[in-house]
Amino acid sequence: MASGPLNPKAHFYRRPLPMKCISFCSPEGKAIFKEALDDGFMENYFALAAQFRTQDEPAFCALSTLVMVLNALEVDPGKVWKGPWRWYHENMLDCCVPIDIIAKSGLTFDQFSCLAICNTLTVNAVRVNDEASEEQFRKEVKRVSLIADEVIVASYSRQALGQTGSGHFSPIGGYHPGRDLVLIMDVARFKYPPHWVSLSLLFEAMKLIDQDTGKPRGYMRLLKSRTLPTILFRLNSFLCVTGFPSTRFIKFSNDWNLVLSTSVDSQVSSKVLEICISQLLKLLNTEKMKMIITLIDVIKMSSISDEHREAIQQTVVALEELPIFQTVKRCVPDKVTNDGESVEKTEPAIRLQDWHYISMLLLIWPYNKAKDSYGRTMEEMVKDQLEKSKSELLQNEVRLIQQQMISVLDYAVIYSHCPCQEKVSRLASQESLPQIAT
């Protein structure tokens, strides 16, 4: 028996495109495509079209856009998706904000950038504020549309395009120079088909303020980095609980930076590392935070290739050879913190202890550079020891996670001075952060 029609107030089958947009599949849209192709401005379209996705969740536009870009640029995630295949999927992008939180709240401009960096893309991000140039944006779109190894992602307000909804992320799949149109490859294909819009209109749509951050949106130029992905360590996604920086983390970073900005007394100059470790432990215990976790806290070792396991072992060995690690080992009690999980390929297994996590935190922190401060001394010490280690795996690990930490800290500053602070405080009462076992 055939069922009756669905209640139109509760269900939708797509939305009609507003007059400001030209459907890619319409006769006019096809003619625009052909002209742009003949002019050579659709070179980055084909790689994106081969990976065109429909977002799995209503708030997954950023994740699905990033998955499209990562697979279009042929970035190897270094970990298994399903079966024997290493391939990007939305549920693998969990290094900056928890997936279940993204499903409810989506991502901000900064969080998208953090995720892209976390997955080894080089990111050139531009907020479209009063200082941003439409002509510069046009130049970037033209240049990227002529090549196949870069992608521009726009973060914009749908309302400016006459569409329903608010913030959205989409990759730009091409440019028509004669009519000054860009191709929006909208991953919400259940709502709108891919469409052409005026570049000037899109630029205005990126100017509108994101109510969650109090800042305008913008665009990012993404390209494949020559660096490897992180091998083992990653930031705990709970640094941005429910899409907002943890208030505990904000307090920790403020207190820790206060310690690091202190001038070093000549009488204790030889004890800077020991003093910093002591202060760090006090702050971590006070805020009950574990800021660095590992890949094996998220997925099982059975999902990791033999080559990856070997790289993990090499990274851990290089870390343990650093003088910083040896000092941490003397100062911190011996406790395993990853719930008994071992980084193992063959016996004996490598077991990660607080020494490893605290040492990595000391290595990746963006230190205060004030002259004669603890922060300046620590920065110089870290730089010297990493250069002497000659481990490219460890150096790459530190560099990538430090970039992520900088993004998180910048994001924390935004919310510390944001009108949504009341919302942050309310969400903070719901936080449940893992405690470091010291």
Side-chain angles (χ1 to χ4, degrees), residues 18 20-21 36 41 43-44 48 61-62 65-66 68-69 73 96 106-117 121-147 149-163 165-187 195-223 225 403-404 406-420:
K20 299 176 182 179
C21 307
F41 286 93
E43 287 303 308
N44 67 338
L48 286 169
C61 62
T65 293
L66 186 53
M68 270 183 67
V69 173
L73 295 179
C96 294
L107 289 175
T108 66
F109 187 81
D110 291 315
Q111 289 172 328
F112 185 100
S113 177
C114 178
L115 267 177
I117 292 170
L121 291 179
T122 296
V123 179
N124 182 358
V126 177
R127 282 195 183 275
V128 180
N129 52 29
D130 292 339
E131 298 176 356
S133 163
E134 179 180 327
E135 186 54 36
Q136 182 59 39
F137 176 52
R138 183 173 288 105
K139 288 179 180 178
E140 291 279 19
V141 169
K142 283 183 176 180
R143 189 185 64 78
V144 172
S145 297
L146 290 168
I147 57 179
D149 55 359
E150 296 184 22
V151 177
I152 289 179
V153 168
S155 171
Y156 59 97
S157 170
R158 282 192 181 277
Q159 294 176 2
L161 304 187
Q163 301 174 356
S166 53
H168 197 55
F169 287 86
S170 289
I172 294 177
Y175 177 69
H176 188 289
R179 297 179 59 175
D180 198 31
L181 299 174
V182 292
L183 177 61
I184 300 292
M185 300 188 73
D186 197 328
V187 293
H195 48 276
W196 296 94
V197 298
S198 159
L199 182 143
S200 295
L201 182 60
L202 179 60
F203 189 79
E204 292 301 315
M206 294 188 290
K207 278 186 177 180
L208 296 186
I209 300 298
D210 181 346
Q211 296 303 313
D212 282 336
T213 66
K215 291 195 171 188
R217 297 174 173 89
Y219 61 94
M220 297 174 224
R221 181 168 57 84
L222 308 174
L223 61 153
S225 172
Q403 289 176 334
Q404 296 166 37
I406 290 171
S407 294
V408 171
L409 288 169
D410 288 346
Y411 189 52
V413 169
I414 292 172
Y415 277 99
S416 295
H417 303 87
C418 176
C420 55

request  = Report the residue from His195, Gln163, Arg158 that forms a side-chain hydrogen bond (donor to acceptor under 3.5 Å, both in side chains) with Asp186.
outcome  = Arg158

inquiry  = Quick check on side chain to side chain contact (heavy atoms under 4.5 Å, CB included): which of Leu223, Val151, Leu66 does Leu121 satisfy it with?
reply    = Leu66

key: Check: Asp110 side chain, Ser113 main-chain N or O, donor-acceptor pair, under 3.5 Å   = no

message = With a 3.5 Å distance limit and no angle check, can you tell me whether Ser155 reaches the backbone of Phe109 through a side-chain donor-acceptor pair?
response = no

task = Give the intermediate values and the outcome of side chain to side chain contact (heavy atoms under 4.5 Å, CB included) for residues Lys207 and Val128.
result = CA-CA 5 Å; Lys207 278 186 177 180; Val128 180; 3.3 Å; yes

request  = Apply side chain to side chain contact (heavy atoms under 4.5 Å, CB included) to the pair Arg179 and Trp196, showing each step before the final yes or no.
outcome  = CA-CA 10 Å; Arg179 297 179 59 175; Trp196 296 94; over 6 Å; no

request  = Could you check whether the rings of Phe169 and Phe112 sit parallel, tilted or perpendicular, using 30° and 60° as the cut-offs?
outcome  = parallel

inquiry  = Ignoring hydrogens, what is the shortest heavy-atom contact between Arg217 and Ser157? Give both atom names and the distance.
reply    = NH1-CB, 3.9 Å

key: Contact check, side chains of His176 and Phe41, non-hydrogen atoms, under 4.5 Å   = no

task = Would you mind checking if Glu134 and Arg138 are paired as a salt bridge, meaning a charged N to carboxylate O distance below 4.0 Å?
result = yes

query = Minimum heavy-atom separation for Ala154 to Ile172, with atom names?
reply = CB-CD1, 4.4 Å

inquiry  = Could you check whether any side-chain heavy atom of Asn44 comes within less than 4.5 Å of a side-chain heavy atom of Ile147, counting everything from C-beta outward?
reply    = no

inquiry  = Working to the nearest 0.5 angstrom, can you tell me the gap between Asn129 CG and Met206 CE?
reply    = 11.5 Å

inquiry  = Would Leu202 and Ile184 count as a side chain to side chain contact (heavy atoms under 4.5 Å, CB included) here? Give the steps.
reply    = CA-CA 10 Å; Leu202 179 60; Ile184 300 292; 4.0 Å; yes

query = Just by modelled atom types, is the Gly218 backbone N or O under 3.5 Å from a matching donor or acceptor in the Arg127 side chain?
reply = no

Closest approach of Thr122 to Ser225 (non-hydrogen atoms, all atoms of both residues) = OG1-CB, 3.5 Å

key: For Asp180 against Ser200, the heavy-atom pair lying closest together   = OD2-OG, 3.9 Å

query = Taking atom CD of Glu135 as the centre, does the number of heavy atoms from other residues, nucleotides or ligands within less than 6.0 Å exceed 12?
reply = yes

key: Step-by-step side chain to side chain contact (heavy atoms under 4.5 Å, CB included) determination, Leu181 to Tyr175   = CA-CA 6 Å; Leu181 299 174; Tyr175 177 69; 6.0 Å; no

message = Once rounded to the nearest 0.5 Å, what's the spacing between atom CD1 of Ile152 and atom OG of Ser145?
response = 7.0 Å

inquiry  = Minimum heavy-atom separation for Pro216 and Ile209, please, with both atom names.
reply    = N-CD1, 3.6 Å

